Amino acid sequence: MEGYDHKTIEEKWRAEWEKNHNNIAKDLSDKKKTYLLVEFPYPSGEGLHVGHVRGYTALDVVARKHRRQNESVLFPIGWDAFGLPTENYALKTGRDPREVTKENTDVFRGQMKRLGLSFNWNHEVNTTDPAYYKWTQWIFLQLHKHKLAYKAKTTINWCPKDKIGLANEEVVDGCCERCGTLVEKREREQWMLAITKYAKRLYDDLDTVNYIERAKVGQRNWIGPSEGAVITFEIRSANREVEAPIEVFTTRPDTLFGATYLVISPEHPLITKLESRIVNHAEVQKYVEEAKKKPEIERTAEGKEKTGVLLEGIRAINPGNKEEIPVFIADYVLASYGTGAIMAVPAHDERDFEFAKKYELSIKQVIAPETGVRRENEEERNGGVGIVFDPARQRYAVGRQKNGLARLFSGGVDDGESIQEGTLREVAEESGLFDFKHVEYIGKTYAHYHNSLRNVNRLAWASAFLVILDSSDVKEVRHESHEDFELEWITGKDLWNNLVEHNIEGSTDHWLWFLRQGIGRAIDLGYDTESDKAFFAQSPYTGEGILTDSGEFSGMKSEEAKKKITEFVGGEMKTTYKLRDWVFSRQRYWGEPIPLINCEKCGWVAVPEKDLPVTLPIVEKYQPTDTGDSPLANISEWVNTTCPTCGGSAKRETDVMPNWAGSSWYYLRYCDPTNKETLADFEKMKYWLPVDWYNGGMEHTTLHLLYSRFWHKFLYDIKVVPTPEPYARRTSHGLILAEGGEKMSKSKGNVVNPDDIIKQFGADTLRVYEMFMGPFDQAIAWSTDGLVGVRRFLERILRMSERLHDIPLPQELETLLNQSIKKVGDDIESLRMNTAVSQLMIFANALQKEEKIPKEAFLTFILLLAPLAPFLSEEIWQGLGGAMSVHKEAWPKHDPSKLVGEEVTIGVQINGKIRGSISCPAGTPEATVLALARAEANVEKWLNGKDIVKIIYIQDKILNVVARDA
RNA sequence: GCCGGGGUGGCGGAAUGGUAUACGCGCACGACUCAAAAUCGUGUCUCGCAAGGGAUGAGGGUUCGAGUCCCUCCCCCGGCACCA
């Protein structure tokens, strides 16, 4: 053997496969279909990245396996070729972006073929092909027709460097996602897509798809629904005239009675509307101007001190208690969320609290943390122990014990407050669990409990923790349900005795220990309004609970009160979403022209379907104009046209679509890439859709997925596509980092080029290495040493192929063979490629150890290796006389009865510790195994002089003998 | 702060609640060789002469048995964030 000449092998089979059309996806076959999708690349000038290779190879392995399971597999690829880098490159070099794109896609295609990726090349699509973007434009026109595309004057995010408007989603930390330039605000007419109309469905239908959790959570957060109420406040001017209603959105209508002022955003229309009524209008106007100037990044910066201006001359009426409250404008309220106005409840909201403190506004507490109602009587109160700690509010009280039951009490009845307070001080200081400033208050609380608990039916506060002395004391926790309250009792064994013994009054050690261990149970506390007012002067309580000071709603639980109060004030329960409509216009050249015409008489008119596509004209200059218009605006012969409706003179829209457009529906076009009548034949889509498995980068799991789900749902509604969701399953691969763990980047010069690896080590080595390097969904650093290890493995396989013998399979190998078939198959389906490769190595190692390698077993090994290392496997397979391509051979099936060997090794544990192991035939009954185990000297030694209490036997795996001293 | 994902040898990492450290890398030793490379073989968590003991970020808990489940906490990575 002349060694492993990967270059010759790979070139030979690539040519052979191309000639024989190894993989054609057959439409409408009666076989089971599988549609495997990988994110199509943006064909940049740099060529394919090793990160692409990771995702593409993984699904290629899946595709190859499924084809061999006699399924009809669609595994297409294409080019997401519109976009800024190509345009910028064209701009710099003066070349036509079409040419540049063609060159780049040729490079990518060549690389993919060299990698042995078995794409269905006859389904290739290119978003910049007029025959493709005709349908992108068509979809846009459908959206327009259904009023989901609208033009709106918006403050847009403007990147001064790229001279392009950005969607909110493309602004990262206030900077342009691509170039990092600080984004400015500009007013501009933009085409918008009403994705918010689909917010609920996009959210709810996530339950119907199988996406990795991260992707689902990402989408949920992005859509960001919050249940709340829209409540109307009346505005009155100084002369008490009713001026205008103002709507606020709140998720906490239950706190309405605690709303002590109103805040509107600086952009709120009310400011202009009530201009004449606002006494300090000049001051207000100044604040508004300043807010406008500030970039969003500054306005929303973390920890920024809140500012605002009181609107003098007008007041709002709290519809709950009819109290008159002041109205402010403040930039911490965003115009873009909810109604752009809020009712401020400083007692129960961090931001409102901060604002109220600064401007000395009244803080009215209307929610008490929910607990039960407690009854207490004098007879029950004796004994003395424990400390109650409320970690949420960092409050202590003292507990007492009686008849083995520890329960809340007033404490210190006999020894007086001084001792207890002193102790509490120590606890507080030493625990380090809370700010010492609360201790004063604790002292009062304690005193207060002393009194209040004599009274019955106190409304209780706080989920507090009762801490008792020693965990060994806890015998059980008993839950009692009463008509109007619930209690948890902790019963202790010798609690009382322990306390006396430990002289607990003077010792804080145990208490501290318990606090730190977090041992304790929620019980209830009494409270009094004065102390609580004092407490809440220090921090707002933002949780839910029981209403107080809320008129007829006092005593009601938050959940119920939300609905009742909203109803009471004539408000409306409503869900709002963080999701914003999608800014769809780009003032660029290299994108799909928006197929609309603006006619002075008829307004915006759609280009008739027969005139699609509106093709991009070839221009001299790709430079965006300084006015912010697209380069297309300079081509008057293209811009000036006639109105399709009235025939009069009209102008074309010169904005183009963002590059999300083409990628939002490409998986549909793959089903039928050459169709001239429609975006794809309905029957073909019905056969292939939904995509069974979509893999791509983590970075696309939010936006791209959301946008394409939106388009798909819209197309489903207008009956163009047959399924409500595009993708049944979504996985994502982790990033490949440079050796050393840094991100690969051109500037750092640490980029690994797949071409170099293929040249030096071969595509098979690269493929197997990338599958083996680590868990598929995790980021992982490149390791050339690891790559070399894989190369050695493949070389070894090739050498082994020359030492084969037609001999029967030894029994242990048969077991391993069946295990390997099962494990490799299962692992591929769940993308555990690293352990699939590892299993293949284990199998190969075992085969190699044989003096004569059984040919049958080795051939099965090759059948399993083939999806991962397609070239070498084919070489060996056909070299050994395979009649056809290994990639057409049926995927091996395992024999379930042969997964366990005849002999098994069973671990023997004594009291859970491994003390030995025995070998016996599989399926040996417990009694025999026990006898065998006891025959082991070591095992018997450990059992010597002990009584066997219990035997646990897990078939063929483990025997655990529980023994106790005799 | 919130939401996700993690923390296991010198390194990448394995492990349906059932013999932790598979597989690979690295390292050491041996065989082959004049020699080296390659290859093949053996060993490689830790303390201990041994018998044994200890170790999966820390500390508790549940269990016959915990890397895996529960609680408290620490650290790292990613995302989001004045969202009312």
Side-chain angles (χ1 to χ4, degrees), chain A residues 3 172 212-218 220-222 224-226 228-229 248-252 255 263 265 299-304 306 330-334 336-345 349-352 354-355 391 471 513 515-519 576-579 698-699 701-702 734-735 741 769 772-775 777-790 792-793 795-796 799 832 834-842 844-845 848-849 905-917 938 941 949-963:
Chain A
V172 177
I212 50 162
E213 198 51 31
R214 265 184 276 187
K216 278 196 189 185
V217 171
R220 288 202 184 104
N221 289 344
W222 200 267
S226 57
V248 303
F249 175 73
T250 175
T251 55
R252 295 296 302 275
T255 63
V263 188
S265 65
R299 240 178 97 172
T300 63
E302 188 189 347
K304 200 207 80 175
K306 293 189 175 32
D331 63 5
Y332 81 91
V333 173
L334 307 176
S336 59
Y337 186 77
T339 58
I342 62 157
M343 62 179 211
V345 187
D349 182 276
E350 299 277 354
R351 292 154 299 168
D352 298 343
E354 202 188 308
F355 192 82
S471 69
W513 186 80
L515 288 173
R516 290 193 178 126
Q517 301 319 311
I519 293 174
T576 57
Y577 297 89
K578 282 195 236 179
L579 187 70
M698 218 66 88
E699 68 277 17
T701 49
T702 311
L735 217 61
Y769 169 63
F772 182 57
M773 64 196 303
D777 55 353
Q778 272 171 45
I780 196 154
W782 181 265
S783 156
T784 303
D785 284 344
L787 183 80
V788 169
V790 168
R792 278 207 288 259
F793 166 64
E795 285 171 357
R796 204 145 49 88
R799 279 196 299 276
R832 289 188 303 248
N834 52 334
T835 50
V837 174
S838 149
Q839 183 65 33
L840 286 170
M841 287 172 168
I842 292 170
N845 290 350
Q848 192 185 2
K849 283 205 174 66
T905 308
I906 294 171
V908 181
Q909 299 180 328
I910 314 291
N911 293 333
K913 290 224 183 270
I914 291 295
R915 300 299 182 190
S917 69
N938 196 36
K941 191 182 78 190
V949 181
K950 198 175 176 187
I951 306 273
I952 289 118
Y953 178 56
I954 308 296
Q955 183 79 57
D956 297 340
K957 284 228 163 127
I958 204 152
L959 177 78
N960 188 12
V961 181
V962 185

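Reminder, nothing fancy here: chain letters follow the sequence lines and each chain counts from 1. Values in this document were obtained by computation on a predicted structure and should not be read as measured data.
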For this session: Remember a base hit wins even if backbone is also touched, and classify A/Gly774 as base, sugar-phosphate or nothing at under 4.0 Å, heavy atoms.
Result: nothing
Could you list, one pair per line, each protein nitrogen or oxygen that sits under 3.5 Å from a nitrogen or oxygen of nucleotides 38-45 of chain B, together with the distance?
unit_1: B/U39; atom_1: O3'; unit_2: A/Arg799; atom_2: NH2; d: 3.3
unit_1: B/C40; atom_1: OP1; unit_2: A/Gln848; atom_2: NE2; d: 3.0

For this session: Answer with base, sugar-phosphate or nothing: what part of the nucleic acid does A/Asp777 contact at a heavy-atom distance below 4.0 Å?
Result: nothing
Filtered N/O pairs between nucleotides 64-66 of chain B and protein, under 3.5 Å:
unit_1: B/C64; atom_1: O2'; unit_2: A/Asn960; atom_2: ND2; d: 3.2
unit_1: B/C64; atom_1: O2; unit_2: A/Asn960; atom_2: ND2; d: 2.4

Seminar exercise, completed: With sugar-phosphate taken as primed atoms, P, OP1 and OP2 and all else as base, the protein-contact string of nucleotides 2-11 of chain B at under 4.0 Å (heavy atoms; B, S, -) is -SS-------
For this session: Give one of base, sugar-phosphate or nothing for A/Thr905, where a contact means two heavy atoms less than 4.0 Å apart.
Result: base
Exercise. Is A/Arg832 touching bases, backbone alone, or none of the nucleic acid, heavy atoms closer than 4.0 Å?
Worked result: nothing
Exercise. Reckon A/Asn845 touches a base, only the sugar-phosphate, or nothing at all at heavy-atom distances under 4.0 Å?
Worked result: sugar-phosphate
Problem set entry | B/G17 pairs with, by Watson-Crick or G-U criteria that keep both distances under 3.5 Å | none
Exercise. With sequence neighbours excluded, what pairs up with A/Val962 under the side-chain contact (heavy atoms from CB on, under 4.5 Å) test?
Worked result: A/Asn911, A/Val949, A/Lys950, A/Ile952
Exercise. How is A/Lys941 classified with respect to the nucleic acid when contacts are heavy atoms under 4.0 Å: base, sugar-phosphate, or nothing?
Worked result: sugar-phosphate
Problem set entry | Complementary nucleotide of B/G1, counting Watson-Crick and G-U pairs under 3.5 Å | B/C80
Exercise. Does A/Asp352 have any side-chain hydrogen bond (donor to acceptor under 3.5 Å, both in side chains) partners at least two apart in sequence or in another chain, and if so, which?
Worked result: A/Tyr332
For this session: Report the distance from atom CE of A/Met773 to atom P of B/A14, rounded to the nearest whole Å.
Result: 13 Å
Exercise. How would you list, by chain and number, every residue that makes a side-chain hydrogen bond (donor to acceptor under 3.5 Å, both in side chains) with A/Arg792, sequence neighbours excluded?
Worked result: none
Seminar exercise, completed: Across all chains, not counting sequence neighbours, the side-chain contact (heavy atoms from CB on, under 4.5 Å) partners of A/Ile212 are A/Arg214, A/Ala215, A/Met698, A/Ser732
Problem set entry | P-based separation of B/C29 from B/A37 [nearest Å] | 12 Å
Problem set entry | Base-pairing mate for B/C11 - Watson-Crick or G-U, with both contacts under 3.5 Å | B/G24
Exercise. Do A/Trp222 and A/Tyr577 have ring centroids that are under 6.0 Å from one another?
Worked result: no
Exercise. Excluding sequence neighbours, so at least two apart, what forms side-chain hydrogen bond (donor to acceptor under 3.5 Å, both in side chains) with A/Asn845?
Worked result: A/Arg796
Problem set entry | B/G9: syn or anti, per glycosidic angle within 90° of 0 | syn
Problem set entry | Nucleotide of B/C25, B/G18, B/A84 approaching A/Val333 most closely (side-chain heavy atoms) | B/A84
Exercise. Does A/Phe772 have any ring pair (Phe, Tyr, Trp, His ring centres under 6.0 Å) partners at least two apart in sequence or in another chain, and if so, which?
Worked result: none
Problem set entry | P atoms of B/A22 and B/C45, separation to the nearest Å | 8 Å
Seminar exercise, completed: Taking for A/Val790 and for A/Ile958 the nucleotide of RNA chain B with the nearest heavy atom, the one nearer the 5' end belongs to A/Ile958
Exercise. Does A/Gln909 have any side-chain hydrogen bond (donor to acceptor under 3.5 Å, both in side chains) partners at least two apart in sequence or in another chain, and if so, which?
Worked result: none
For this session: Calculate the interatomic distance between A/Asp352 atom CG and B/C83 atom C1'; express it in whole Å.
Result: 12 Å
Problem set entry | side chain to side chain contact (heavy atoms under 4.5 Å, CB included) assessment of A/Val908 paired with A/Ser917 | CA-CA 5 Å; A/Val908 181; A/Ser917 69; 5.5 Å; no
Exercise. Is there side-chain contact between A/Tyr953 and A/Asn960, with at least one heavy-atom pair below 4.5 Å?
Worked result: no
Exercise. With rounding to whole Å, what would you report as the distance between B/G10 and B/U44 at their C1' atoms?
Worked result: 11 Å
Exercise. Is there side-chain contact between A/Leu959 and A/Ile951, with at least one heavy-atom pair below 4.5 Å?
Worked result: yes
For this session: Side-chain contact test, heavy atoms from C-beta onward, threshold under 4.5 Å: evaluate it for A/Phe355 versus A/Arg351 and give yes or no.
Result: no
Problem set entry | Identity of whatever pairs with B/A35 - Watson-Crick or G-U, under 3.5 angstrom | none
For this session: Provide the Watson-Crick or G-U wobble partner of B/C29, both distances under 3.5 Å; none if there is no partner.
Result: B/G41
Exercise. Which whole number of Å gives the distance between the C1' atom of B/G1 and that of B/U56?
Worked result: 30 Å
Exercise. Looking across every strand, which nucleic acid part, if any, lies under 4.0 Å from A/Ser226 by heavy atom: base, sugar-phosphate, or nothing?
Worked result: sugar-phosphate
For this session: Would you please name every residue forming a side-chain contact (heavy atoms from CB on, under 4.5 Å) with A/Ile842, sequence neighbours left out?
Result: A/Leu816, A/Ser838, A/Gln839
Exercise. When rounded to the nearest Å, what value does the distance between C1' atoms of B/A20 and B/C34 take?
Worked result: 46 Å
For this session: Select one nucleotide: of B/A84, B/U19, B/C23, the one nearest the side-chain heavy atoms of A/Phe772.
Result: B/C23
Exercise. Hey, does A/Leu840 reach any base, or is it just sugar-phosphate, or nothing, if we go heavy atoms under 4.0 Å?
Worked result: nothing
Problem set entry | P atoms of B/A14 and B/G57, separation to the nearest Å | 14 Å
Problem set entry | Gap in Å between the two C1' atoms, one belonging to B/C2 and one to B/G24, rounded | 39 Å
Problem set entry | A/Ser226: partners by side-chain contact (heavy atoms from CB on, under 4.5 Å), with sequence neighbours left out | A/Phe249, A/Thr251, A/Tyr337, A/Thr576
Problem set entry | Candidates B/A84, B/A14, B/U19 - which lies nearest the side chain of A/Thr835 | B/A14
Exercise. What interatomic distance, in whole Å, is found between C1' of B/A15 and the corresponding atom of B/G67?
Worked result: 8 Å
For this session: Grab the NZ-C1' distance between A/Lys957 and B/U19 for me, whole Å please.
Result: 11 Å
Seminar exercise, completed: Between A/Met343 and A/Ile842, the residue closer to the 5' end of RNA chain B by nearest nucleotide is A/Ile842
